[in-house]
Protein chains: 2
Amino acid sequence: MSRSNPRVLSTLERAGGFASAQEVYRLMQREGESIGLTTIYRSLQSLVNDKIVDVLRRDDGEAIYRLCGEAHHHHLVCKSCGDTVEIEGGAIEKWAKVMAEEHGFRDIGHTAEIFGLCAKC
Amino acid sequence: MSRSNPRVLSTLERAGGFASAQEVYRLMQREGESIGLTTIYRSLQSLVNDKIVDVLRRDDGEAIYRLCGEAHHHHLVCKSCGDTVEIEGGAIEKWAKVMAEEHGFRDIGHTAEIFGLCAKC
DNA sequence: AACGGGAATGAAAATCATTTTCATTTGTGA
DNA sequence: TCACAAATGAAAATGATTTTCATTCCCGTT
C-alpha cells in the first residue's frame, strides 16, 4: 500500500479544504509542483481510508475531498453552489442503533447526508 | 427537445422505482425491448426536468433515478455477505427536515445507509 | 561503496458512465 | 404524396477514475 504524499494534503488545505482530485492536480501544477495525477488519486484514497479527509459527490458525480477535522458529523450540502454545513446527527445515531438491533446487525456504522438548495441559491 | 419514451418510465417503475440508466437499459434488453442507451439517457433527463423522477448519486458516482413521491426507504447492509434489508426511515425524514429549516435550505432530499455485520456473519 | 528488495511514482492504456454527433427513421399536418 | 420536425440509436467523443507496468527512490545490509 502507498502512503499519502504530504504535498497533496497541504494543497488540499490551501484549497480551502474542499476540492476534487483534478482541482488539486491543476493547483499543484500551477504552483510548479511536479506530480502525477495517479499519485494524487492514490494519496486522496489513502487519506480517506485514514479518515483524514471526507469524500462527497458533486452534482455531476465528480468526487470532492475535504478535510474532516472533528469527530462524527453529517453534511448539509447545497446542490447548486456546493456550500456545506456540518450538522449534528444525534437522531441518526439512535435510529441506526435501533434498526440494527431490530435486525440482528452488530458492529455498525452509517452514512447520512442531506442536500438541497441553500438560502442564497 | 425530446420527450420521454414511455417504456423507460414504465421500466423504472417495474424496477422498484430506483435504478441507474445502465440498469434500466439492461432490464429492457432482458425483456426483449429494442431501445438504445441514448434514448434512455434522454428520457431520464427529460423526466428529471419534468420533476417526475428524482436523481441521486451512488457512492461510486453513478446516477440513480427514482420516481418522485415514491415512499423511499433506506438500507441496512451487511458488509461481509452483502445481504440487504430495507428499513423505514421516519426518524431521518424528520431530522432532515428540521436540519434543513434550521439552516435555511429548501427543496431537500437525503441519503442514509447503515452497514454492519448481520446475524449470520 | 555496491547490492537487493520493497515502496513510491507517473506515463500511458484501460474502464465506465455519460454526452455529443450525425445520419436515418418515423409521425404528422398540409 | 410531400415536407419537415421530432425521435431514435450507432458510433465517436468526453472526462473522471483505475489499472498496468516499468522506472526511480529509499534504506538497511554486506
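Residue numbers start from 1 in every chain, and the chains themselves are labelled A, B, ... in the order their sequence lines are given, proteins ahead of strands.
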Could you run down nucleotides 12-19 of chain D 5' to 3' and tag each one B, S or - for protein heavy-atom contact under 4.0 Å?
----SBBB
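In this structure, the CD1 atom of B/I40 is 16 Å from the C1' atom of C/dC16, given to the nearest Å. Atom CG in B/D59 sits about 18 Å away from atom P in C/dC16, given to the nearest Å. For B/I35 and C/dT25, the CD1 to P distance is 18 Å, given to the nearest whole Å. Computed from coordinates, the B/R7 CZ to D/dG9 P distance equals 7 Å when rounded to whole Å.
Note on A/E101 versus A/R106: no salt bridge recorded, every NZ/NE/NH1/NH2 to OD/OE distance being 4.0 Å or above. One finds no salt bridge joining B/E62 and B/R57 here, because no Lys/Arg side-chain nitrogen approaches an Asp/Glu carboxylate oxygen to under 4.0 Å. One finds no salt bridge joining A/E88 and A/K94 here, because no Lys/Arg side-chain nitrogen approaches an Asp/Glu carboxylate oxygen to under 4.0 Å. A/E23 has a carboxylate O that lies under 4.0 Å from a charged side-chain N of A/R58, or vice versa, which qualifies the two as a salt bridge.
Side chains of B/L56 and B/R66 form a contact here, defined as non-hydrogen atoms less than 4.5 Å apart.
Within 6.0 Å of atom CG in A/D60, more than 12 heavy atoms from other residues, nucleotides or ligands are found, so the atom counts as buried in its surroundings.
The side chain of B/N5 contributes no N or O atom lying less than 4.0 Å from OP1 or OP2 of D/dA7.
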